[in-house]
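Small disclaimer: the values here were computed from a predicted structure and weren't measured.
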Amino acid sequence: MLAPLWFLSAALVLTGPDGDDSQGRRPANEFEVDAVIVKLHQIEVAAEEAGVITELNVQEGAEVKKDDKLAQISDSKVQAAKRVAQAELEVALAEATNDISVRFAAAAAKVAEYDYEAHRVANVKAPGSTPEAEMKKLLLQAHKGNLETEKAQLELDVAKLTAKAKQAAVEAADEDILRRLVLARTDALVTEVHRRVGEWVNPGDPILKIVRMNKVRVEGTLEFSDVSPMQVVDRPVTVSVTLTRKRTVELPGKIVFVAPKLIHGKYHIIAEVENREERGAWVLLDGMTPRMTVDAGVAAEKVKTPRR
């Protein structure tokens with residue numbers, strides 16, 4: 001006997017194409033994360049070199065982009081050192097690219113060789129026309145010319161090496177200057193300013209604190225009996241936050257860490273989530289406890305113990 005049409009309609013409403021009911025249950029591959037909490041990445045921006053702070057370009061609440069200039073430590077001495085190094089480099093480059101001595105020595109050596117050969121041929125035609133002692137002097141002069149050429153070439157090679165050393169000195173000076181330039185290493189929000197213009201700082205002294213807001217860490221735990229760690233590595237997550245007036249915002253992310261140990265049958269995970277700014281404020285804040293689900297990709301399978 002065929003089932004009534006009203007019964008078939010009810011069954012279609014309650015059951016989806018994948019066998020999931022439509023009364024709020026999650027898909028088989030989606031798992032709820034427990035003990036979820038937002039932890040912002042806070043960065044203490046410290047001085048790399050000693051000196052007086054000559055510029056401070058930000059205040060609490062300022063949003064900065066990567067490579068923005070936050071502060072400046074006095075660099076007048078290292079700027080002067082760079083100018084000296086640059087001048088020495090220019091002199092060294094001039095010497096390293098000047099091969100006049102090499103070409104002159106080579107030409108002089110050829111003249112000496114020609115002179116010796118001319119006297120040798122003349123002695124063959126008219127023996128004794130050039131005394132033996134004079135011939136030895138001419139031969140020695142020819143050898144000297146070749147040695148002078150080698151010496152000039154060696155001096156040119158040394159000049160090129162000196163130029164490289166001077167170039168390294170300029171680069172070191174540039175590095176010294178850069179180390180006194182306090183830059184933002186990532187997009188962030190300035191939350192604290194510890195120092196003011198005119199104050200002296202030593203290497204390692206904190207100048208200000210910034211917090212990365214565009215990407216935040218959201219941590220939590222998963223039940224090993226529900227889903228294994230291998231199923232969630234690098235898998236996408238969805239973080240849901242309920243704002244005022246019960247408005248829910250969903251933010252995407254990805255698991256970036258799965259702890260290699262269990263505690264009471266659970267393991268720790270960390271996801272990196274794309275935060276969102278609305279009306280000048282960020283959705284995810286430090287210490288929030290939103291809802292987070294993990295898409296494991298495939299449904300978790302219960303391991304059956306083989307029969308013996």
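- When all heavy atoms are compared, the tightest approach of Pro229 to Val258 is CB-CG1, 3.6 Å.
- Across all their heavy atoms, Ala46 and Gly204 have their closest contact at CB-O, 3.7 Å.
- With sequence neighbours left out, the side-chain contact (heavy atoms from CB on, under 4.5 Å) criterion links Ala173 to Lys82.
- At a threshold of 4.5 Å between side-chain heavy atoms, the hydrophobic network of Ile, Leu, Val, Met, Phe, Trp and Tyr places Leu156 and Phe104 in two separate groups.
- With Asp295 contributing its side chain and Glu30 its backbone, the two residues share no donor-acceptor pair below 3.5 Å.
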Practice item. Run the numbers on Glu219 and Arg217 for salt bridge (Lys or Arg N to Asp or Glu O under 4.0 Å), then give the verdict. Key: CA-CA 6 Å; Glu219 304 182 13; Arg217 287 161 56 104; 2.9 Å; yes

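- Residue pairs meeting the side chain to side chain donor-acceptor pair (under 3.5 Å) criterion with at least one partner in residues 92-113, sequence neighbours excluded, are Asp99-Arg103, Glu113-Asn146.
- Contact between Val241 and Pro290 at its shortest, heavy atoms only, is CG2-CB, 3.8 Å.
- Under a 3.5 Å cut-off, the side chain of Thr238 and the backbone N or O of Pro252 do not form any donor-acceptor pair.
- Residues passing the salt bridge (Lys or Arg N to Asp or Glu O under 4.0 Å) test with Glu44, sequence neighbours excluded: Lys209.
- Side-chain contacts under 4.5 Å among hydrophobic residues (ILVMFWY), followed directly or transitively, place Ile210 together with Ile43, Val45, Ile53, Leu56, Val58, Val64, Leu70, Ile73, Val182, Val190, Val193, Val197, Val201, Ile207, Leu208.
- In the hydrophobic clustering, where aliphatic and aromatic side chains (Ile, Leu, Val, Met, Phe, Trp, Tyr) are joined below 4.5 Å either directly or transitively, Ile270 groups with Val256, Phe257.
- Pairs engaging residues 55-68 under the salt bridge (charged side-chain N to carboxylate O under 4.0 Å, His left out) rule: Glu55-Lys69 [sequence neighbours left out].
- Applying the salt bridge (charged side-chain N to carboxylate O under 4.0 Å, His left out) rule to pairs touching residues 148-168 yields Glu88-Lys166, sequence neighbours excluded.
- Evaluation of the side chain to side chain donor-acceptor pair (under 3.5 Å) test over residues 240-262, restricted to residues two or more places apart or in two chains, returns Arg247-Glu278.
- Under a 4.5 Å side-chain heavy-atom criterion applied to ILVMFWY residues, the cluster that includes Leu89 comprises Leu93, Val170 as well.
- Between the CG atom in Asp75 and the CG atom in Leu178 there is a gap of 10.5 Å [rounded to 0.5 Å].
- Considering only residues two or more places apart in sequence or on other chains, Glu48 meets the salt bridge (Lys or Arg N to Asp or Glu O under 4.0 Å) condition with Arg179, Arg185.
- We find the CG-CG distance between Leu147 and Leu154 to be 12.0 Å, quoted to the nearest 0.5 Å.
- To the nearest 0.5 Å, atom CD of residue Gln231 and atom CG of residue Asn29 are 10.0 Å apart.
- In this structure the side chain of Val38 reaches within 4.5 angstrom of the side chain of Leu40, judged on heavy atoms.
- The CD atom of Glu49 lies 9.0 Å from the CD atom of Glu175; values are rounded to the nearest 0.5 Å.
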Scan the side chains in residues 134-144 for donor-acceptor partners under 3.5 Å anywhere in the protein, sequence neighbours excluded, and list what turns up.
none

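- A salt bridge is absent between Asp286 and Lys39; no separation between the charged side-chain nitrogens and carboxylate oxygens falls under 4.0 Å.
- A search for salt bridge (Lys or Arg N to Asp or Glu O under 4.0 Å) contacts involving Glu171 returns nothing, not counting sequence neighbours.
- Atom OH in Tyr267 sits 8.5 Å away from atom CG in Leu262 (nearest 0.5 Å).
- With respect to the salt-bridge test (charged N to carboxylate O, under 4.0 angstrom), the residues Asp205 and Arg195 qualify.
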Check your understanding: Would His119 and Asn123 count as a side-chain hydrogen bond (donor to acceptor under 3.5 Å, both in side chains) if you check the C-alpha gap in whole Å, the side-chain angles of each, and the deciding distance to 0.1 Å?
Key -> CA-CA 6 Å; His119 283 80; Asn123 263 358; over 6 Å; no

